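See below for the structure under consideration.
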Number of protein chains: 2
Amino acid sequence: MRTVYVNGEYLPETEAKVSIFDRGFLMADGVYEVTSVLDGKLIDFEGHATRLSRSLNELEMKNPISKADLLEVHRELVRLNGVDEGLIYLQITRGSDGDRDFVYPAEDTEPTIVMFTQNKPGLADNPAAKRGARIISIEDIRWGRRDIKTVQLLYPSMGKMMAKKAGCDDAWMVQDGFVTEGTSNNAYIVKGNRIITRALSHEILHGITRAAVLRFAKEAQMEVEERNFTIEEAKEADEAFTTSASGFVMPVVEIDGASLGDGTPGRLVPRLREIYLDEMRKSAV
Amino acid sequence: MRTVYVNGEYLPETEAKVSIFDRGFLMADGVYEVTSVLDGKLIDFEGHATRLSRSLNELEMKNPISKADLLEVHRELVRLNGVDEGLIYLQITRGSDGDRDFVYPAEDTEPTIVMFTQNKPGLADNPAAKRGARIISIEDIRWGRRDIKTVQLLYPSMGKMMAKKAGCDDAWMVQDGFVTEGTSNNAYIVKGNRIITRALSHEILHGITRAAVLRFAKEAQMEVEERNFTIEEAKEADEAFTTSASGFVMPVVEIDGASLGDGTPGRLVPRLREIYLDEMRKSAV
């Protein structure tokens, strides 16, 4: 039985509830973050806390918790649930004034804050990272502000199911002929020593792992090119991968049935995953 | 204190809660309907029940309640809460298997069903319908399946706030230069005896009120043309209006600062509202 956090209280997970009038439930009026835990410590907490503030600001939503308190709750949940490897999910919604209206509730309405852990032993040593992921491409029909990390996750969830039905692991989304991102990760292709990934905009999530990985790639003398690419170009790439807070750097070995290179995770991507994990373990808090 | 309905139970509204792991809360994985009540009876219940089934089917979601039982719960909520004029909100989500995952939970996971009333005395005799609404236009950046009535309502909610900040009542959304619909209603313009509204597609909600109003309009010898129109064309129209389950037929008198006709609700639209209300009162159940 997990202990979870709801609006200042630590509760058994089965007692963790929100009002049916919560705007997170009625209107998807909420944002979230996922922070990984390795060796019982938080990976890039600072990056997630900063992006959380940005998402809240973009939606004119109050932040109900200081960064210091947020860190404290993260650590307490890790402790209470004995998490060595896993993740912490955090969601903040605009709360509720006890009824439903498209108009935002009064300024003094308290946001809802919910946090819970997921224990994932073997997250760093994930067999999927050795095998590599097989992906399909699907059309990107999400809303236009994917840079705000909202809980409007129905289409990414549908995309994951489309991949599963096709016998694959995940889907990359394509808009106007160009790859935007994966269902819950940023997307990259590799040509020789060069990493190609879409530039930041409103069209994609500003991945915390993306920022760290591109920094480490440059430090390791890899080239980084931020530009659009098509699925056709991706199929011809030497390697491909995704990044996310809980997947870290995940090799992609097949796109729409076409194997990349020899169908194994290649050379650059596994090295990048290793660098990322080494560096993030060092800076974990 | 309202009595609301949650998963088979009638509860005081303050005790009506769902798990924080409900996919409606975590992923906006849910659909909804709003049915109006006039004279204590349900308006177009059949239409809403049919669309609900369609939305659930499109998302491969189970329907947890038969149409007969759904009608019974609607009526019981009307009775328990003494609703003469108002509305009934219904939401069904994919439920929860007690954790968070993009992959849908097992087939036997029970959906969550929530229903509550809103008492709105004067709904039919709404002063706003005599004054007419002032609207602004905003870009439509919602996802691509607006024909499925999901709870991904953040952008419509933001749109309503943009209108409010501009001193107006509502916003019409524009995509590729053409009006799609209002934040929570379908959009129409009137030229002489002709009603012009966007044709049904994945881009707009298939309004239950829309279907009834267009039927009544034709019966009343008004012309109906289903095609795209621009904001510029709308500003030049004789009249304009919106339809929705709880707004019925609502005149629009100003678009982006430009008054339509003489700035009053006009002639055709008030007549259409009257016809709609008369007919729907007759067929209410």
Side-chain angles (χ1 to χ4, degrees), chain A residues 2 4-6 11 13-32 34 59-60 89 91 93-94 98-104 112 114-116 118 139-145 148 150-161 163-164 170 183-184 202, chain B residues 2 4-6 11 13-32 34 59-60 89 91 93-94 98-104 112 114-116 118 139-145 148 150-161 163-164 170 183-184 202:
Chain A
R2 278 175 292 185
V4 305
Y5 178 86
V6 183
L11 299 168
E13 59 185 317
T14 50
E15 289 170 31
K17 296 184 177 183
V18 292
S19 166
I20 63 166
F21 295 100
D22 193 279
R23 289 179 61 93
F25 183 70
L26 294 179
M27 298 197 156
D29 190 1
V31 299
Y32 74 105
V34 177
L59 299 180
E60 303 174 81
Y89 177 86
Q91 180 171 332
T93 78
R94 207 182 302 272
D99 214 335
R100 179 181 183 273
D101 197 330
F102 281 74
V103 171
Y104 297 167
T112 297
V114 160
M115 289 172 64
F116 58 82
Q118 289 185 332
E139 206 193 329
D140 195 342
I141 62 166
R142 295 172 301 160
W143 82 320
R145 288 302 304 273
I148 309 173
T150 77
V151 295
Q152 295 179 119
L153 295 175
L154 178 53
Y155 190 65
S157 182
M158 292 166 76
K160 194 78 87 173
M161 292 306 291
K164 206 173 133 100
D170 204 353
T183 59
S184 57
H202 286 178
Chain B
R2 277 176 292 185
V4 305
Y5 178 86
V6 183
L11 299 168
E13 60 185 317
T14 50
E15 289 171 30
K17 296 184 177 182
V18 291
S19 167
I20 63 167
F21 295 100
D22 193 279
R23 289 178 61 93
F25 183 71
L26 295 179
M27 296 197 158
D29 190 2
V31 300
Y32 75 105
V34 177
L59 298 180
E60 302 174 82
Y89 177 87
Q91 180 171 332
T93 78
R94 207 182 302 272
D99 213 335
R100 178 181 183 273
D101 196 331
F102 281 74
V103 171
Y104 297 168
T112 296
V114 160
M115 289 173 64
F116 58 83
Q118 289 184 334
E139 205 193 332
D140 194 343
I141 64 165
R142 295 172 302 159
W143 82 319
R145 288 301 305 274
I148 310 173
T150 77
V151 295
Q152 295 178 118
L153 295 175
L154 178 54
Y155 189 67
S157 182
M158 292 166 77
K160 193 80 86 173
M161 293 306 292
K164 207 173 134 99
D170 204 353
T183 59
S184 57
H202 286 178

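Naming: A, B, ... by sequence-line order, numbering from 1 per chain. Because the structure is a prediction, the values reported are computed rather than measured.
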Next item on the list: Below 4.5 Å from any heavy atom of chain A, which atoms of Ser19(B) appear? Answer side chain, backbone, both or neither.
Entry: both
Notebook entry, point to check: Taking all non-hydrogen atoms of both residues, which atom of Trp143(A) and which atom of Gln152(A) are closest, and how far apart?
Noted result: CE2-NE2, 3.3 Å
Next item on the list: Identify which part of Arg100(B) has an atom lying under 4.5 Å from any heavy atom of chain A, answering side chain, backbone, both or neither.
Entry: both
Check: Where is the tightest heavy-atom contact between Leu11(A) and Ala16(A), given as atom of each residue plus distance?
Finding: CD1-CA, 4.2 Å
Margin query: Holding to salt bridge (charged side-chain N to carboxylate O under 4.0 Å, His left out), I want the full list of residues that pass it with Arg142(A), two or more places apart in sequence or in another chain.
Written below: Asp140(A), Glu181(A)
Next item on the list: Sort out for me which of Gly24(A), Gly30(A), Ala163(A) touches chain B most, counting heavy-atom pairs under 4.5 Å.
Entry: Gly24(A)
Checklist line | Heavy-atom proximity to chain A below 4.5 Å, by part of Gln118(B) | finding: side chain
Notebook entry, point to check: OH/Tyr104(A) to CE/Met27(A) distance, rounded to the nearest 0.5 angstrom?
Noted result: 10.5 Å
Notebook entry, point to check: What part of Thr14(B) lies closer than 4.5 angstrom to a heavy atom of chain A: side chain, backbone, both or neither?
Noted result: neither
Next item on the list: Quick one: which of Asp99(A), Thr150(A), Asp29(A) has the most heavy-atom pairs under 4.5 Å with chain B, could you say?
Entry: Asp99(A)
Next item on the list: Looking only at non-hydrogen atoms, find the nearest pair between Val4(B) and Ile20(A) and report the distance.
Entry: CG2-CD1, 4.1 Å
Next item on the list: Please state whether the side chain, the backbone, both or neither of Glu15(B) comes within less than 4.5 Å of a heavy atom of chain A.
Entry: neither
Checklist line | Student check: side-chain heavy atoms of Phe116(A) and Glu13(A) closer than 4.5 Å | finding: no
Item checked: Contacting moiety of Gln91(B), where chain A heavy atoms sit under 4.5 Å -> side chain
Check: If you count heavy-atom pairs under 4.5 Å with chain A, which of Phe102(B), Phe25(B), Phe21(B) comes out on top?
Finding: Phe25(B)
Note to self: When you compare the side chains of Arg23(A) and Ser157(B), does any donor N or O come within less than 3.5 Å of an acceptor on the partner?
What the structure shows: yes
Next item on the list: Output the option from Val114(A), Asp101(A), Thr183(A) having the highest count of non-hydrogen pairs under 4.5 Å with chain B.
Entry: Val114(A)
Checklist line | Max heavy-atom pair count under 4.5 Å with chain A, selected residue of Arg145(B), Glu60(B), Arg94(B) | finding: Glu60(B)
Note to self: Does any part of the side chain of Leu26(A), heavy atoms only, come nearer than 4.5 Å to the side chain of Val151(B), both counted from C-beta?
What the structure shows: no
Check: Is chain A contacted by the side chain of Met158(B), its backbone, both, or neither, given a heavy-atom distance below 4.5 Å?
Finding: both
Checklist line | Choice from Val6(B), Thr112(B), Thr93(B), Leu59(B) maximising heavy atom contacts with chain A below 4.5 Å | finding: Leu59(B)
Note to self: Going by the rule salt bridge (charged side-chain N to carboxylate O under 4.0 Å, His left out), which residues pair with Asp170(A) if we only count those two or more places apart in sequence or in a different chain?
What the structure shows: Lys160(A)
Margin query: So for Val103(B), is it side chain, backbone, both, or neither that comes closer than 4.5 Å to the heavy atoms of chain A?
Written below: both
